[in-house]
Engineer: 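Sharing a structure below in structure tokens format, with a few things to ask.
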Amino acid sequence: MISHISFDVWNTLVLPNPSHALTRTKFLAACFHTEEATVRNAYAEVKRWVNQHAIETGYAPSLFENIRLLMMHCNVHKDPSLIAKAFENIFENCKPIVLDTTERLIQALVEDGYALSLGSNSSFISGRLVHDFLESSFGCVFRFGIYSDLLGYAKPKKAFFKKIIKSCDVAANNILHVGDHAICDLQGAQSAGMHGALLGRPEDIREVVYEAISGVCAP
């Protein structure tokens, strides 16, 4: 019986704001004194490397380490704290998109008595910042949030999901993890003994969650 539901964040609970990437690119191009295409490609390549490295090793760099990787890739030397602060300001001005269907789902799950939490990989947007945004958007309905940049290791590493299980204080088979990545979310959760639900489109989150709950409860 499912009593606790853990959610991935990006492309699960929220969608990226299209203006965020555009604003970030313009800032980095001005800061690094280079072309927008150059920093756009560098950012995408570093992010791909970080994501693949997480899958292969479970290691998660901190926000500052990710910024240093980006600067090395672009062969520039800046104060990473200044770039981190600029990223924070861009996030505040270009907040993620929360779908109405997602808001209604979270409210319904709380009313149904499910405990909720967050478990997300994070690279250039701090988990602390994301968590504050989610609490302001959904209310303080999430019992805790676990983010790779703060933890030091990432999904699909089993230790990430063991951290969720320990924080839930319930058996692994009473926990459902919902996310959009087949390896990081679905396989990662299942490897730790949890149930997993793979989300194809954020618009379908209600159907996916309740179908997963029904499947676990079915005789």
Engineer: Is there a chain of hydrophobic side chains (I, L, V, M, F, W, Y, each step under 4.5 Å between heavy atoms) that links Leu186 to Val209?
Structural biologist: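 No, because Leu186 and Val209 fall into different hydrophobic clusters, even though each may have its own neighbours under 4.5 Å.
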Engineer: Name all pairs fulfilling the ring-ring contact (aromatic ring centres under 6.0 Å, His included) condition that reach into residues 22-45, sequence neighbours left out, sorted by first residue then second.
Structural biologist: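 Only Tyr43-Phe124 qualify under ring-ring contact (aromatic ring centres under 6.0 Å, His included).
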Engineer: Would you say Asp79 has more than 12 foreign heavy atoms packed within less than 6.0 Å of its CG?
Structural biologist: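 Counting other residues, nucleotides and ligands, CG of Asp79 exceeds 12 neighbours.
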Engineer: Distance check, rounded to the nearest 0.5 Å: Gln187 atom CD versus Leu198 atom CG?
Structural biologist: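 So the CD of Gln187 and the CG of Leu198 are separated by 9.5 Å.
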Engineer: Crowded around Lys47 NZ? As in, over 12 foreign heavy atoms under 6.0 Å?
Structural biologist: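 Atom NZ in Lys47 is crowded, with more than 12 foreign heavy atoms closer than 6.0 Å.
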Engineer: What are the two closest non-hydrogen atoms of Thr102 and Pro202, and how far apart are they?
Structural biologist: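 Distance-wise, the nearest heavy atoms are OG1-O, 4.4 Å.
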Engineer: Can a donor-acceptor pair be found between the side chains of Glu103 and Gln107 at a distance below 3.5 Å?
Structural biologist: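 Their side chains do not contain a donor-acceptor pair, so the 3.5 Å distance test is not met.
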Engineer: Rounded at 0.5 Å granularity, tell me how far CD1 in Ile2 sits from CG in Asp112.
Structural biologist: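 Ile2 atom CD1 to Asp112 atom CG measures 13.5 Å (nearest 0.5 Å).
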Engineer: Are more than 12 heavy atoms, taken from residues, nucleotides or ligands other than Glu207, located less than 6.0 Å from that residue's CD atom?
Structural biologist: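 Atom CD in Glu207 is packed in, count exceeds 12.
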Engineer: Got a list of side-chain donor-acceptor pairs under 3.5 Å for residues 150-162, not counting sequence neighbours?
Structural biologist:
unit_1 : atom_1 : unit_2 : atom_2 : d
Lys155 : NZ     : Asp8   : OD1    : 2.9
Lys155 : NZ     : Gly119 : O      : 3.0
Lys155 : NZ     : Asp185 : OD1    : 2.7

Engineer: What heavy-atom pair brings Val50 and Pro61 nearest, and what distance separates the two atoms?
Structural biologist: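 Looks like CG1-CD, 4.0 Å.
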Engineer: Decide if atom NZ of Lys26 counts as having more than 12 heavy atoms of other residues, nucleotides or ligands within a radius under 6.0 Å.
Structural biologist: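 Not more than 12 within 6.0 Å, no.
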Engineer: Which heavy atom of Val14 sits nearest to which heavy atom of Leu134, and what is that distance?
Structural biologist: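 Here Val14 and Leu134 meet closest at CG1-CD2, 3.7 Å.
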Engineer: Going from CG on Leu99 to CZ on Arg201, what distance comes out if it is rounded to the nearest 0.5 angstrom?
Structural biologist: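 Going from the CG atom of Leu99 to the CZ atom of Arg201 covers 10.0 Å.
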Engineer: Within the structure provided, determine whether Leu129 and Glu92 are in side-chain contact (heavy-atom separation under 4.5 Å).
Structural biologist: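 With C-beta onward as the side chain, the pair touches.
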Engineer: Side chains of Ile146 and Ser117, heavy atoms from C-beta outward: is any pair under 4.5 Å?
Structural biologist: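 Sidechains of Ser117 and Ile146: no contact.
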Engineer: Compare every heavy atom of Gly179 with every heavy atom of Thr12, then report the nearest pair and how far apart it is.
Structural biologist: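 Result for this residue pair: OG1-CA, 3.6 Å.
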Engineer: If we only count heavy atoms from C-beta on, is the Phe87 to Asn66 side-chain gap below 4.5 Å?
Structural biologist: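 They are not in contact (no side-chain heavy atoms under 4.5 Å apart), so the answer is no.
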Engineer: Which pair of non-hydrogen atoms, one from Ile125 and one from Ser122, has the smallest distance, and what is that distance?
Structural biologist: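 So the two residues come closest at O-CB, 3.5 Å.
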Engineer: Let's go through Trp49 and His73 carefully: what are the C-alpha distance in whole Å and the side-chain angles of both, what is the deciding distance for side chain to side chain contact (heavy atoms under 4.5 Å, CB included) to 0.1 Å, and is it a yes or a no?
Structural biologist: CA-CA 12 Å; Trp49 182 87; His73 197 84; over 6 Å; no
Engineer: Taking C-beta and beyond as the side chain, do Asn121 and Trp10 meet within less than 4.5 Å on heavy atoms?
Structural biologist: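 They are not in contact (no side-chain heavy atoms under 4.5 Å apart), so the answer is no.
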Engineer: Looking at Met1 and Asn174, what are the two nearest heavy atoms and their distance?
Structural biologist: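 Smallest interatomic distance, heavy atoms only, reads O-ND2, 2.7 Å.
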Engineer: For Asp149 and Gly127, indicate whether the former's side chain and the latter's backbone hold a donor-acceptor pair under 3.5 Å.
Structural biologist: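 Flag set: sc Asp149 to bb Gly127 pair under 3.5 Å.
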Engineer: Return the OG1 to CD1 distance between Thr101 and Ile106, rounded to the nearest 0.5 Å.
Structural biologist: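 Answer rounded to 0.5 Å: 10.0 Å.
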Engineer: Indicate if Phe64 and Ile83 have the same hydrophobic cluster label, given that clusters are the connected sets of ILVMFWY residues with side-chain heavy-atom separations under 4.5 angstrom.
Structural biologist: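 Phe64 and Ile83: one cluster.
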Engineer: Can you list the steps and then say if Met71 with Arg68 is a side chain to side chain contact (heavy atoms under 4.5 Å, CB included)?
Structural biologist: CA-CA 5 Å; Met71 290 192 295; Arg68 291 189 183 98; 4.2 Å; yes
Engineer: Quick check on the hydrophobic clustering: are Val39 and Val46 connected, directly or via other members, by side-chain heavy-atom contacts under 4.5 Å?
Structural biologist: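 Same hydrophobic cluster.
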Engineer: Can you confirm whether Phe133 sits close enough to Val98 that some side-chain heavy atom of one is under 4.5 Å from a side-chain heavy atom of the other?
Structural biologist: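 The answer is yes, as the side chains (C-beta and beyond) meet within the 4.5 Å cut-off.
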Engineer: Under a 3.5 Å distance rule, please check whether His53 uses its side chain to pair with a backbone N or O of Ala60 as donor and acceptor.
Structural biologist: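 Here the side-chain-to-backbone pair does not exist.
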Engineer: State, with a plain yes or no, whether a side-chain heavy atom of Cys168 is found less than 4.5 Å away from one of Phe144.
Structural biologist: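 Yes, close enough: below the 4.5 Å cut-off.
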Engineer: Would Val170 end up clustered with Ile165 when hydrophobic side chains under 4.5 Å apart are linked, directly or stepwise?
Structural biologist: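 Val170 clusters together with Ile165.
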Engineer: Could you grab the distance from atom CD of Gln52 to atom OG1 of Thr57, nearest 0.5 Å is fine?
Structural biologist: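 That separation rounds to 9.5 Å.
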Engineer: Contact between Leu116 and Phe138 at the side-chain level, heavy atoms closer than 4.5 Å - yes or no?
Structural biologist: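 Sidechains of Phe138 and Leu116: no contact.
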Engineer: Could you walk me through whether Ile213 and Ile5 pass the side chain to side chain contact (heavy atoms under 4.5 Å, CB included) test, one step at a time?
Structural biologist: CA-CA 9 Å; Ile213 292 172; Ile5 304 175; 3.9 Å; yes
Engineer: Just so I know, are the side chains of Phe91 and Asn17 near enough to count as touching, which here means a heavy-atom distance under 4.5 Å?
Structural biologist: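 No. Closest side-chain heavy atoms not under 4.5 Å.
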Engineer: Assess the residue pair Leu70 and Leu28 against the criterion (side chain to side chain contact (heavy atoms under 4.5 Å, CB included)); give the C-alpha distance rounded to whole Å, side-chain angles, the decisive distance to 0.1 Å, and a yes or no.
Structural biologist: CA-CA 10 Å; Leu70 179 61; Leu28 288 172; 3.9 Å; yes
Engineer: When hydrophobic residues are tied together by side-chain contacts of less than 4.5 Å, even through go-betweens, does Ile67 share a cluster with Tyr147?
Structural biologist: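 In one cluster with Ile67: Tyr147, no.
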Engineer: Taking atom CG of Leu176 and atom OG of Ser6, what is their separation to the nearest 0.5 Å?
Structural biologist: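 So the CG of Leu176 and the OG of Ser6 are separated by 8.5 Å.
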